Amino acid sequence: MLPGTARAWEFMTKTAQDLFGRYGFEPIYTPLFEHTEVFTRGIGEATDIVSKEMYTFEDRSGRSLTLRPEGTAGVVRAALEHGLAAQGSSAKLYYAGPMFRYERPQKGRMRQFWQIGAEVLGAAEPSTDAEIITLLVRFFESVGIPLDRMTLLLNSMGDEACRPAYRERVRQFILQKGAELCEECNRRADTNPLRAFDCKNPECVAVMADAPLLRDSLCDECAEHYESVKRHLDLVGIAYVEAPRLVRGLDYYTRTVFEVQVTHGLGSQNAIGGGGRYDRLMQEYGGPPTPGLGFALGFERTLLALEAAGVDVGAAPRTDVYVAAVDADVRPAAFVTAARLRDAGMAASLDHQARSLKSQFKQADRLGARLVVVIGPDELASGQVTIRNMDTKDETRAAVDDVVVAVRSRLG
Ligand code: AMP
(Lines give C-alpha, C1' and ligand atoms only; values in the text may rest on other atoms or scores of the structure.)
Protein backbone atom coordinates (compact mmCIF):
# COMPACT_ATOMS: atom_id res chain seq x y z
CA MET A 1 0.00 0.00 0.00
CA LEU A 2 1.49 3.27 -1.09
CA PRO A 3 0.90 6.33 1.11
CA GLY A 4 -2.44 7.43 -0.42
CA THR A 5 -3.92 3.95 0.05
CA ALA A 6 -2.24 3.45 3.41
CA ARG A 7 -3.73 6.72 4.66
CA ALA A 8 -7.16 5.53 3.53
CA TRP A 9 -6.60 2.24 5.42
CA GLU A 10 -5.64 4.20 8.54
CA PHE A 11 -8.71 6.37 8.18
CA MET A 12 -10.93 3.29 7.91
CA THR A 13 -9.35 1.47 10.83
CA LYS A 14 -9.63 4.61 12.98
CA THR A 15 -13.26 5.00 11.98
CA ALA A 16 -13.81 1.35 12.93
CA GLN A 17 -12.04 1.76 16.28
CA ASP A 18 -14.25 4.67 17.18
CA LEU A 19 -17.54 3.30 15.89
CA PHE A 20 -17.06 -0.33 16.93
CA GLY A 21 -15.96 0.88 20.37
CA ARG A 22 -19.29 2.66 20.75
CA TYR A 23 -21.01 -0.67 20.13
CA GLY A 24 -18.92 -2.33 22.83
CA PHE A 25 -16.38 -4.17 20.67
CA GLU A 26 -12.80 -4.76 21.70
CA PRO A 27 -9.81 -5.32 19.41
CA ILE A 28 -8.23 -8.71 18.84
CA TYR A 29 -5.19 -9.64 16.73
CA THR A 30 -4.87 -13.20 15.56
CA PRO A 31 -1.83 -14.71 13.78
CA LEU A 32 -1.43 -14.22 10.04
CA PHE A 33 -1.02 -17.98 9.72
CA GLU A 34 -2.37 -20.86 11.74
CA HIS A 35 -2.49 -24.63 11.61
CA THR A 36 -4.29 -25.50 8.39
CA GLU A 37 -6.87 -27.41 10.37
CA VAL A 38 -8.17 -24.21 11.97
CA PHE A 39 -9.45 -23.14 8.56
CA THR A 40 -10.44 -26.49 7.06
CA ARG A 41 -12.57 -27.37 10.07
CA GLY A 42 -14.29 -24.06 10.48
CA ILE A 43 -14.74 -22.86 6.93
CA GLY A 44 -15.50 -26.31 5.52
CA GLU A 45 -13.63 -28.65 3.16
CA ALA A 46 -16.13 -28.20 0.36
CA THR A 47 -15.98 -24.41 0.18
CA ASP A 48 -14.13 -22.60 -2.59
CA ILE A 49 -11.84 -21.04 -0.01
CA VAL A 50 -10.62 -24.33 1.44
CA SER A 51 -10.73 -26.42 -1.70
CA LYS A 52 -8.84 -24.05 -3.98
CA GLU A 53 -7.91 -20.70 -2.50
CA MET A 54 -5.69 -21.31 0.51
CA TYR A 55 -1.99 -20.58 0.69
CA THR A 56 -0.89 -23.71 2.50
CA PHE A 57 2.71 -24.68 3.21
CA GLU A 58 4.80 -26.83 5.49
CA ASP A 59 7.12 -25.32 8.04
CA ARG A 60 10.53 -26.75 8.93
CA SER A 61 8.98 -29.34 11.22
CA GLY A 62 6.59 -30.53 8.54
CA ARG A 63 3.49 -28.97 10.09
CA SER A 64 0.86 -27.78 7.66
CA LEU A 65 0.23 -24.06 8.03
CA THR A 66 -2.04 -21.72 6.09
CA LEU A 67 -2.10 -17.97 5.58
CA ARG A 68 -5.43 -16.88 6.99
CA PRO A 69 -8.05 -16.58 4.26
CA GLU A 70 -10.55 -14.88 6.58
CA GLY A 71 -10.74 -13.68 10.16
CA THR A 72 -13.54 -15.55 11.89
CA ALA A 73 -11.86 -18.95 12.18
CA GLY A 74 -8.85 -17.54 14.04
CA VAL A 75 -11.00 -15.41 16.34
CA VAL A 76 -13.21 -18.35 17.29
CA ARG A 77 -10.15 -20.57 17.76
CA ALA A 78 -8.59 -17.94 20.04
CA ALA A 79 -11.82 -17.36 21.97
CA LEU A 80 -12.10 -21.08 22.67
CA GLU A 81 -8.45 -21.43 23.60
CA HIS A 82 -8.62 -18.51 26.04
CA GLY A 83 -12.17 -18.96 27.30
CA LEU A 84 -13.32 -15.56 26.04
CA ALA A 85 -16.96 -16.56 25.76
CA ALA A 86 -16.99 -19.32 28.36
CA GLN A 87 -19.91 -20.27 30.57
CA GLY A 88 -22.67 -18.14 29.27
CA SER A 89 -20.60 -14.96 28.93
CA SER A 90 -20.29 -13.14 25.65
CA ALA A 91 -17.44 -11.47 23.80
CA LYS A 92 -17.56 -8.71 21.21
CA LEU A 93 -14.36 -8.57 19.19
CA TYR A 94 -13.12 -6.79 16.08
CA TYR A 95 -10.05 -7.16 13.93
CA ALA A 96 -8.39 -5.45 10.99
CA GLY A 97 -5.65 -6.83 8.78
CA PRO A 98 -4.64 -8.69 5.63
CA MET A 99 -6.25 -11.92 4.38
CA PHE A 100 -4.91 -14.22 1.66
CA ARG A 101 -6.82 -16.14 -1.00
CA TYR A 102 -5.54 -17.66 -4.20
CA GLU A 103 -8.32 -16.16 -6.34
CA ARG A 104 -8.23 -14.98 -9.94
CA PRO A 105 -7.13 -11.36 -9.52
CA GLN A 106 -9.33 -8.68 -11.04
CA LYS A 107 -10.70 -5.29 -10.06
CA GLY A 108 -11.73 -5.52 -6.42
CA ARG A 109 -10.42 -9.05 -6.04
CA MET A 110 -6.86 -9.63 -5.02
CA ARG A 111 -4.79 -12.35 -3.42
CA GLN A 112 -3.79 -10.27 -0.45
CA PHE A 113 -6.61 -7.99 0.60
CA TRP A 114 -7.51 -6.18 3.79
CA GLN A 115 -10.53 -6.76 5.93
CA ILE A 116 -12.10 -5.24 8.99
CA GLY A 117 -14.38 -7.61 10.83
CA ALA A 118 -16.43 -7.96 13.98
CA GLU A 119 -17.62 -11.04 15.84
CA VAL A 120 -20.06 -11.54 18.71
CA LEU A 121 -19.64 -14.83 20.56
CA GLY A 122 -22.19 -16.11 23.04
CA ALA A 123 -25.22 -14.27 21.67
CA ALA A 124 -28.27 -16.04 20.30
CA GLU A 125 -30.85 -13.27 20.24
CA PRO A 126 -32.07 -11.89 16.92
CA SER A 127 -31.53 -8.36 18.24
CA THR A 128 -27.77 -9.05 18.11
CA ASP A 129 -28.10 -9.91 14.42
CA ALA A 130 -29.83 -6.56 13.87
CA GLU A 131 -27.20 -4.80 15.97
CA ILE A 132 -24.25 -6.13 14.02
CA ILE A 133 -25.96 -5.47 10.67
CA THR A 134 -26.64 -1.91 11.83
CA LEU A 135 -22.98 -1.55 12.74
CA LEU A 136 -21.87 -2.67 9.28
CA VAL A 137 -24.19 -0.22 7.53
CA ARG A 138 -23.23 2.63 9.88
CA PHE A 139 -19.56 1.92 9.22
CA PHE A 140 -20.02 2.32 5.47
CA GLU A 141 -22.02 5.50 6.06
CA SER A 142 -19.34 6.85 8.42
CA VAL A 143 -16.54 6.45 5.89
CA GLY A 144 -18.65 8.26 3.31
CA ILE A 145 -20.53 5.78 1.14
CA PRO A 146 -23.88 7.39 0.34
CA LEU A 147 -26.82 5.34 1.64
CA ASP A 148 -28.53 5.41 -1.74
CA ARG A 149 -25.58 3.58 -3.30
CA MET A 150 -25.76 0.63 -0.91
CA THR A 151 -28.13 -2.31 -0.81
CA LEU A 152 -28.34 -4.54 2.23
CA LEU A 153 -29.33 -8.07 1.28
CA LEU A 154 -30.79 -10.34 3.93
CA ASN A 155 -31.60 -14.03 4.07
CA SER A 156 -31.86 -16.97 6.43
CA MET A 157 -29.91 -20.15 5.78
CA GLY A 158 -31.88 -22.15 8.36
CA ASP A 159 -30.25 -24.44 10.87
CA GLU A 160 -29.58 -28.12 11.45
CA ALA A 161 -33.31 -28.70 11.90
CA CYS A 162 -34.43 -27.41 8.51
CA ARG A 163 -31.38 -27.10 6.27
CA PRO A 164 -30.47 -30.76 5.67
CA ALA A 165 -33.84 -31.55 4.11
CA TYR A 166 -33.68 -28.37 2.05
CA ARG A 167 -30.13 -29.14 0.94
CA GLU A 168 -31.34 -32.50 -0.30
CA ARG A 169 -34.14 -30.83 -2.29
CA VAL A 170 -31.62 -28.52 -3.95
CA ARG A 171 -29.38 -31.52 -4.67
CA GLN A 172 -32.28 -33.31 -6.36
CA PHE A 173 -33.09 -30.14 -8.31
CA ILE A 174 -29.50 -29.88 -9.56
CA LEU A 175 -29.45 -33.55 -10.53
CA GLN A 176 -32.67 -33.08 -12.53
CA LYS A 177 -31.36 -29.98 -14.29
CA GLY A 178 -27.83 -31.28 -14.64
CA ALA A 179 -27.73 -30.91 -18.41
CA GLU A 180 -28.52 -27.19 -18.21
CA LEU A 181 -25.98 -26.43 -15.49
CA CYS A 182 -22.22 -25.98 -15.68
CA GLU A 183 -19.80 -28.71 -14.70
CA GLU A 184 -18.93 -26.97 -11.45
CA CYS A 185 -22.59 -26.79 -10.38
CA ASN A 186 -23.01 -30.47 -11.19
CA ARG A 187 -20.09 -31.21 -8.96
CA ARG A 188 -21.61 -29.05 -6.26
CA ALA A 189 -24.70 -31.29 -6.15
CA ASP A 190 -22.79 -33.70 -3.96
CA THR A 191 -20.29 -31.47 -2.22
CA ASN A 192 -22.14 -28.23 -1.50
CA PRO A 193 -25.40 -27.89 -3.46
CA LEU A 194 -26.40 -24.48 -2.04
CA ARG A 195 -23.30 -22.96 -3.63
CA ALA A 196 -24.97 -23.40 -7.00
CA PHE A 197 -26.97 -20.27 -6.09
CA ASP A 198 -23.68 -18.38 -6.16
CA CYS A 199 -22.60 -19.45 -9.64
CA LYS A 200 -21.97 -16.46 -11.91
CA ASN A 201 -22.66 -18.39 -15.12
CA PRO A 202 -25.80 -16.76 -16.67
CA GLU A 203 -27.37 -20.11 -17.67
CA CYS A 204 -26.91 -21.43 -14.14
CA VAL A 205 -28.38 -18.24 -12.69
CA ALA A 206 -31.45 -18.67 -14.93
CA VAL A 207 -31.90 -22.33 -13.95
CA MET A 208 -31.35 -21.71 -10.25
CA ALA A 209 -34.05 -19.01 -10.33
CA ASP A 210 -36.56 -21.90 -10.31
CA ALA A 211 -34.86 -23.88 -7.54
CA PRO A 212 -36.73 -24.34 -4.27
CA LEU A 213 -36.13 -21.61 -1.71
CA LEU A 214 -35.23 -22.23 1.91
CA ARG A 215 -37.52 -19.35 2.85
CA ASP A 216 -40.45 -21.64 2.10
CA SER A 217 -39.23 -24.45 4.34
CA LEU A 218 -37.63 -22.79 7.35
CA CYS A 219 -38.50 -24.45 10.65
CA ASP A 220 -40.63 -22.42 13.05
CA GLU A 221 -37.68 -21.33 15.20
CA CYS A 222 -35.65 -20.14 12.22
CA ALA A 223 -38.66 -18.37 10.69
CA GLU A 224 -39.36 -16.56 13.97
CA HIS A 225 -35.68 -15.62 14.34
CA TYR A 226 -35.64 -14.20 10.82
CA GLU A 227 -38.84 -12.21 11.37
CA SER A 228 -37.45 -10.80 14.59
CA VAL A 229 -34.19 -9.71 12.90
CA LYS A 230 -36.27 -7.84 10.33
CA ARG A 231 -38.44 -6.23 13.02
CA HIS A 232 -35.35 -5.00 14.85
CA LEU A 233 -33.87 -3.59 11.65
CA ASP A 234 -37.18 -1.80 11.03
CA LEU A 235 -37.02 -0.31 14.52
CA VAL A 236 -33.74 1.46 13.73
CA GLY A 237 -34.69 2.30 10.16
CA ILE A 238 -32.13 0.08 8.41
CA ALA A 239 -33.46 -0.71 4.95
CA TYR A 240 -32.92 -4.23 3.59
CA VAL A 241 -33.85 -6.28 0.59
CA GLU A 242 -34.80 -9.89 1.18
CA ALA A 243 -32.59 -12.07 -0.98
CA PRO A 244 -33.81 -15.66 -0.74
CA ARG A 245 -30.97 -16.89 -2.98
CA LEU A 246 -28.19 -15.26 -0.98
CA VAL A 247 -25.92 -18.03 0.27
CA ARG A 248 -22.52 -17.00 1.40
CA GLY A 249 -19.36 -18.84 0.56
CA LEU A 250 -18.59 -20.33 3.95
CA ASP A 251 -20.07 -23.50 5.38
CA TYR A 252 -20.36 -22.25 8.91
CA TYR A 253 -23.35 -19.95 8.51
CA THR A 254 -26.66 -20.76 10.16
CA ARG A 255 -29.81 -18.64 10.07
CA THR A 256 -29.09 -14.99 9.27
CA VAL A 257 -26.79 -14.09 6.39
CA PHE A 258 -26.37 -10.62 4.93
CA GLU A 259 -24.32 -8.75 2.40
CA VAL A 260 -23.89 -5.09 1.51
CA GLN A 261 -23.55 -4.41 -2.20
CA VAL A 262 -22.85 -1.13 -3.92
CA THR A 263 -24.39 0.06 -7.14
CA HIS A 264 -21.42 2.05 -8.47
CA GLY A 265 -17.74 1.47 -9.14
CA LEU A 266 -17.29 -2.25 -8.71
CA GLY A 267 -18.84 -4.20 -11.56
CA SER A 268 -19.32 -7.85 -10.66
CA GLN A 269 -17.29 -7.70 -7.42
CA ASN A 270 -19.87 -5.42 -5.87
CA ALA A 271 -20.06 -6.93 -2.38
CA ILE A 272 -18.22 -4.64 0.01
CA GLY A 273 -19.05 -6.54 3.19
CA GLY A 274 -21.11 -9.33 4.58
CA GLY A 275 -21.51 -11.91 7.26
CA GLY A 276 -23.90 -13.99 9.21
CA ARG A 277 -24.64 -16.17 12.16
CA TYR A 278 -22.55 -19.25 12.91
CA ASP A 279 -24.14 -20.96 15.88
CA ARG A 280 -22.30 -24.26 15.40
CA LEU A 281 -18.81 -23.02 14.66
CA MET A 282 -17.45 -23.18 18.22
CA GLN A 283 -18.55 -26.82 18.42
CA GLU A 284 -16.68 -27.59 15.21
CA TYR A 285 -13.56 -26.72 17.18
CA GLY A 286 -14.58 -29.00 20.01
CA GLY A 287 -15.91 -26.20 22.21
CA PRO A 288 -19.21 -25.93 24.07
CA PRO A 289 -22.30 -24.78 22.15
CA THR A 290 -21.72 -21.05 21.73
CA PRO A 291 -23.89 -19.11 19.32
CA GLY A 292 -22.06 -16.44 17.39
CA LEU A 293 -22.23 -14.07 14.48
CA GLY A 294 -20.11 -11.56 12.64
CA PHE A 295 -19.21 -9.74 9.48
CA ALA A 296 -16.17 -8.81 7.43
CA LEU A 297 -15.81 -5.90 5.08
CA GLY A 298 -13.26 -5.49 2.34
CA PHE A 299 -11.04 -2.45 2.41
CA GLU A 300 -10.07 -2.33 -1.29
CA ARG A 301 -13.65 -2.62 -2.51
CA THR A 302 -14.86 -0.04 -0.02
CA LEU A 303 -12.17 2.28 -1.33
CA LEU A 304 -13.27 1.71 -4.94
CA ALA A 305 -16.85 2.46 -3.91
CA LEU A 306 -15.70 5.65 -2.20
CA GLU A 307 -13.74 6.70 -5.28
CA ALA A 308 -16.83 6.11 -7.44
CA ALA A 309 -18.80 8.33 -5.06
CA GLY A 310 -16.13 11.04 -5.36
CA VAL A 311 -15.08 10.76 -1.72
CA ASP A 312 -11.37 11.23 -1.04
CA VAL A 313 -10.38 9.61 2.23
CA GLY A 314 -6.65 9.37 1.51
CA ALA A 315 -5.86 13.09 1.29
CA ALA A 316 -2.32 13.95 2.35
CA PRO A 317 -2.09 15.64 5.73
CA ARG A 318 -1.51 19.35 5.24
CA THR A 319 1.50 21.05 6.75
CA ASP A 320 0.32 23.76 9.16
CA VAL A 321 3.48 25.76 9.09
CA TYR A 322 6.75 25.81 7.14
CA VAL A 323 9.92 27.14 8.75
CA ALA A 324 12.18 28.86 6.20
CA ALA A 325 15.82 29.77 6.85
CA VAL A 326 17.26 32.73 4.96
CA ASP A 327 20.86 31.48 5.09
CA ALA A 328 23.10 28.79 6.54
CA ASP A 329 23.79 30.68 9.78
CA VAL A 330 20.16 30.63 10.88
CA ARG A 331 19.49 27.00 9.90
CA PRO A 332 20.03 25.70 13.46
CA ALA A 333 17.45 28.24 14.69
CA ALA A 334 14.99 27.04 12.02
CA PHE A 335 15.66 23.44 13.05
CA VAL A 336 14.90 24.25 16.70
CA THR A 337 11.81 26.27 15.80
CA ALA A 338 10.33 23.43 13.74
CA ALA A 339 11.02 21.02 16.62
CA ARG A 340 9.26 23.33 19.10
CA LEU A 341 6.23 23.71 16.84
CA ARG A 342 5.99 19.94 16.42
CA ASP A 343 6.37 19.37 20.17
CA ALA A 344 3.45 21.76 20.62
CA GLY A 345 1.30 19.60 18.35
CA MET A 346 1.52 21.46 15.02
CA ALA A 347 2.49 19.94 11.68
CA ALA A 348 5.71 21.72 10.77
CA SER A 349 8.08 21.22 7.83
CA LEU A 350 11.47 22.63 7.00
CA ASP A 351 14.23 22.34 4.44
CA HIS A 352 17.25 20.17 5.14
CA GLN A 353 19.02 20.76 1.82
CA ALA A 354 20.09 24.38 1.98
CA ARG A 355 17.63 25.37 -0.73
CA SER A 356 17.18 29.03 -1.65
CA LEU A 357 14.52 31.03 0.14
CA LYS A 358 12.53 31.09 -3.07
CA SER A 359 12.47 27.32 -3.38
CA GLN A 360 11.63 26.99 0.31
CA PHE A 361 8.54 29.12 -0.34
CA LYS A 362 7.69 26.95 -3.33
CA GLN A 363 7.97 23.88 -1.17
CA ALA A 364 5.81 25.49 1.53
CA ASP A 365 3.18 26.07 -1.16
CA ARG A 366 3.38 22.48 -2.39
CA LEU A 367 2.92 21.19 1.15
CA GLY A 368 -0.13 23.42 1.59
CA ALA A 369 1.40 25.32 4.53
CA ARG A 370 -0.88 28.07 5.78
CA LEU A 371 1.95 29.95 7.47
CA VAL A 372 5.67 30.34 6.84
CA VAL A 373 7.93 31.37 9.68
CA VAL A 374 10.91 33.16 8.12
CA ILE A 375 14.09 33.21 10.11
CA GLY A 376 16.81 35.60 8.90
CA PRO A 377 20.05 36.83 10.43
CA ASP A 378 18.82 40.41 10.99
CA GLU A 379 15.56 39.32 12.50
CA LEU A 380 17.24 36.77 14.68
CA ALA A 381 19.70 39.38 15.94
CA SER A 382 16.73 41.40 17.17
CA GLY A 383 15.06 38.28 18.63
CA GLN A 384 12.25 38.32 16.03
CA VAL A 385 10.86 36.13 13.26
CA THR A 386 8.53 37.01 10.39
CA ILE A 387 5.31 35.04 10.00
CA ARG A 388 3.77 35.08 6.56
CA ASN A 389 0.18 34.09 5.94
CA MET A 390 0.27 32.19 2.65
CA ASP A 391 -3.38 32.90 1.79
CA THR A 392 -3.48 36.66 2.46
CA LYS A 393 0.29 37.23 1.99
CA ASP A 394 0.20 39.36 5.14
CA GLU A 395 3.42 39.43 7.14
CA THR A 396 3.67 39.99 10.86
CA ARG A 397 6.47 39.77 13.37
CA ALA A 398 6.73 37.76 16.55
CA ALA A 399 9.35 37.32 19.24
CA VAL A 400 11.43 34.16 18.79
CA ASP A 401 10.51 33.05 22.28
CA ASP A 402 6.80 33.43 21.54
CA VAL A 403 6.83 31.72 18.18
CA VAL A 404 4.76 28.72 19.32
CA VAL A 405 1.99 30.90 20.75
CA ALA A 406 2.11 33.31 17.80
CA VAL A 407 1.83 30.53 15.21
CA ARG A 408 -0.92 28.76 17.11
CA SER A 409 -3.04 31.91 17.40
CA ARG A 410 -2.59 32.67 13.69
CA LEU A 411 -3.59 29.12 12.74
CA GLY A 412 -6.76 29.64 14.77
P1 AMP B 1 -15.94 -12.90 2.77
O2 AMP B 1 -14.89 -13.10 3.82
O3 AMP B 1 -15.74 -13.74 1.56
O4 AMP B 1 -17.33 -12.94 3.33
O5 AMP B 1 -15.74 -11.42 2.23
C6 AMP B 1 -16.05 -10.27 2.98
C7 AMP B 1 -15.61 -9.07 2.18
O8 AMP B 1 -14.22 -9.11 1.96
C9 AMP B 1 -16.21 -9.01 0.79
O10 AMP B 1 -17.47 -8.38 0.83
C11 AMP B 1 -15.20 -8.19 0.04
O12 AMP B 1 -15.42 -6.82 0.28
C13 AMP B 1 -13.91 -8.59 0.68
N14 AMP B 1 -13.18 -9.60 -0.13
C15 AMP B 1 -13.35 -10.94 -0.12
N16 AMP B 1 -12.47 -11.53 -0.95
C17 AMP B 1 -11.73 -10.54 -1.50
C18 AMP B 1 -10.64 -10.50 -2.44
N19 AMP B 1 -10.12 -11.60 -2.96
N20 AMP B 1 -10.13 -9.29 -2.76
C21 AMP B 1 -10.62 -8.17 -2.22
N22 AMP B 1 -11.63 -8.14 -1.33
C23 AMP B 1 -12.18 -9.31 -0.97
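In this text the structure is predicted, and so the values were computed from the model without any measurement. Counting starts at 1 for both ligands and their atoms, in listed order. We count residues from 1, following the sequence as given.
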Which atoms of ligand 1 are found less than 4.0 Å from any heavy atom of [X]?
X      : value
Ile272 : 10 (O), 12 (O)
Ala296 : 6 (C), 7 (C)
Glu103 : 16 (N), 17 (C), 18 (C), 19 (N)
Gly273 : 10 (O)

| message | Check Glu227 with Lys230, please: is the shortest side-chain N to carboxylate O separation under 4.0 Å? | response | yes
Is there a polar contact between ligand 1 and [X], counting only N or O atoms under 3.5 Å apart?
X      : answer
Phe113 : no
Leu297 : no
Gln115 : yes

| Name the one of Phe299, Trp9, Tyr95, Phe100 that satisfies ring-ring contact (aromatic ring centres under 6.0 Å, His included) with Trp114? | Trp9
| Evaluating non-hydrogen atoms only, which member of Lys107, Arg248, Arg101 is closest to atom 3 (O) of ligand 1? | Arg101
| request: Tell me whether the guanidinium CZ or amine NZ of Arg111 lies under 6.0 angstrom from the six-membered ring centre of Tyr102 and within 45° of its axis. | output: yes
With a cut-off of 3.5 Å and sequence neighbours excluded, list every side-chain donor-acceptor pair involving residues 405-412.
unit_1 : atom_1 : unit_2 : atom_2 : d
Arg408 : NH2    : Ala344 : O      : 3.0
Ser409 : OG     : Ala406 : O      : 3.1
Arg410 : NE     : Thr396 : OG1    : 2.9
Arg410 : NH1    : Ala406 : O      : 3.1
Arg410 : NH2    : Thr396 : OG1    : 3.1

